[in-house]
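The next block holds one structure in the form of structure tokens; read it before the comments.
All chains are named by letter (A, B, ...) in the order of the sequence lines, taking the proteins before the strands, and each is independently numbered beginning at 1.
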Amino acid sequence: MANPVPSACCVVLAAVVMVYAQRQSQQDSPVQYERVGADVTMKCGSMDWDAAVTWTANGTDIDESHLNGSYLILKNVDLSQSGQYACYEGSSWHLKYQTSLRVGTPPKEPVLMCRSNNYPKGFYCSWHLPTPTYIPNTFNISVIHGTKDMVCEKDAIPKNRCHIRYLQLFSTVKYKVTLTVTNALGKNFTTLTFDEFAIVKPDPPESVVAKPVPNNPRRLEVSWQNPSSWPDPDSFPLKFFLRYRPLILDQWQHVELSDGTSHTITDAYAGKEYIIQVAAKDNDIGTWSDWSVAVHATPWTEEPKHLTTEAQITETTSASTSSFMAPPTTKICDKGAVVGSGAVAVCWTAGLVVAAYSVLFI
Amino acid sequence: MAAADSPSPALRRRDLCSRGIRLAGKMRADVVDLLDIYVEQQGLDASASVAAVEGVPLAAVERWDEQTGTQRLLENLAAYRAFRALLAQMLEEQREQLGEADEGLGRALAAVLLQVSAFAYHLEELLRLESRGIPGEEGDGPPPPPPRLSLFEQKLRGLGVLRELAQWAVRSARDLRQLAKPSPATGTAPGLAESP
């Protein structure tokens, strides 16, 4: 019996060679780009119209109903008809023609955005197409400042972005950025014109932390850091906008802070979990950043007291009346919180109630 | 007052810089408001491009971060002296054109002119603090106006002046912040210890 191992090796080797040859031929075959909805006619190389041929699409024979003589007719092509097309002479199966058909669309007007998140170093522009073309596109960007052409250096990642270093600061001359997108089926472009200050938008603040304040049931201490992309916060200080709300409510409270990277919220609802975010803006120019990542925090609450018997209440009452004091959040006799003669009357009333209650339990 | 009670030069500089930054901020806000009034009253398009106007100091600068403190102060002083003369000229033209008919614009112009004068004086104080000679004003200010501009040309020129002044107000605040920074080596403000 023949040794099966060498036979198997030969089969594998033959398969590898075939795949390699097919890939090479695909790479070598010309690419034909057609618009979605177009009618496509493919000629079988130099074969006569009345020659007997076989067309394949991705290796599968194409039905003769799509042929006009030796020409392949594809009407109203769609994206699914992209692929490798080949034409073989009828009897000899010699390959006479092959092409890679790519069905796509010309580009629509691209979407372009420019922003400076690292002022005063420079700015970047990024772009994308509103709808895919399904075929390769080339993007070309030009930046003009007054009469001067500037080079926008393409970023490695992401690919649809480039950056420019400011050569001048404080200029009133506008920048004009034109992005042109081209593919085999057409081209399109868009232009942005802006001045230096208008596109300044920092990244959101980082490392936002919110903590309860011990023994303060209505306070939350919030701190954050300047975005790391902002190169010189000393010379180009940022101001901040803080927003917070309890999870159970929809309405935000807002606080604008002209300096510092911390703030104490003093009007939080006791015991309620809060959601807090911070945004940043250059002190003088530009627009606000996006909101930071949200953080959650709940103000400090007193440890719940254990339930006591009547006797224990009686024992403790004579020593202290602190257990009958209103909770801190509802301090109505707090000197700092009370204003006016009406409030004084409320204080006295509360005092009488407390005294009466004490008497009942003595 | 005994000499021991007067603040050190470093503290005085920081104080002057802080006040100057606030002045510049207020000035910018008022110039931006004035621009809105001016554009509306003069019937101009707010987005109209205005070519660089002769005699208007440009705020645009290359290598801003490499400037010395003295350069910053001198350039700022020259600019605000020029703006003082330009705004006075605009006010005069305004009164000629509209007389008392447009008091709002005239008042706003006069208020900004006052702030520009105050800021120029503030810069002189900073230069004095550094024992720098204050340059004379003979060479400053705009060149003699060209042959009488048309009304439209005057309006565009005014737009250019105010826009550039708004840029300067931002630049001045940045310049003063740079000045207020302590130098890591000497503890003095950067750039002021060295001569240009």
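Between A:Y119 and B:W64, the ring center distance fails the sub-6.0 Å criterion.
In this structure, B:Q167 contributes its side chain and A:S171 its backbone to a donor-acceptor pair below 3.5 Å.
Residue A:D259 qualifies as open at atom CG: its count of foreign heavy atoms under 6.0 Å is 12 or below. Applying the 6.0 Å contact sphere to CD of B:E40 captures no more than 12 heavy atoms from other residues, nucleotides or ligands. Dense packing is recorded around NZ of A:K281, with more than 12 heavy atoms of other residues, nucleotides or ligands lying under 6.0 Å away. Under a cut-off of 6.0 angstrom, the local environment of NZ in A:K108 is sparse, with at most 12 non-hydrogen atoms contributed by other residues, nucleotides or ligands. At most 12 non-hydrogen atoms from other residues, nucleotides or ligands lie less than 6.0 angstrom from CZ of A:F189. When the shell of 6.0 Å around CZ of B:R19 is examined, it contains more than 12 heavy atoms from other residues, nucleotides or ligands. For B:R14, the CZ atom sits in a loose shell: 12 or fewer heavy atoms of surrounding residues, nucleotides or ligands are nearer than 6.0 Å.
Proximity to chain A (any heavy atom under 4.5 Å) is restricted, for B:R28, to the side chain, taken from C-beta onward. For a residue to count as touching a neighbouring chain, one of its non-hydrogen atoms must lie under 4.5 Å from one of that chain's; by this rule A:F197 touches chain B with the side chain only. The contact between A:L169 and chain B is made by backbone and side chain atoms together, counting heavy-atom distances below 4.5 Å.
Heavy-atom pairs under 4.5 Å with chain B peak, among A:D195, A:D234, A:I285, at A:I285.
Between B:R177 and A:D284 a salt bridge is recorded (basic side-chain N to carboxylate O distance below 4.0 Å). With respect to A:D232 and B:K181, a salt bridge is recorded, a charged nitrogen being found less than 4.0 Å from a carboxylate O.
Between the OH atom of A:Y166 and the CD atom of B:E62 there is a distance of 14.5 Å, given to the nearest 0.5 Å. If you take OG on A:S235 and CG on B:L179, they are separated by 10.0 Å, rounding to the nearest 0.5 Å.
Residues A:T172 and B:E164 have side chains that bring a donor and an acceptor to within less than 3.5 angstrom of each other.
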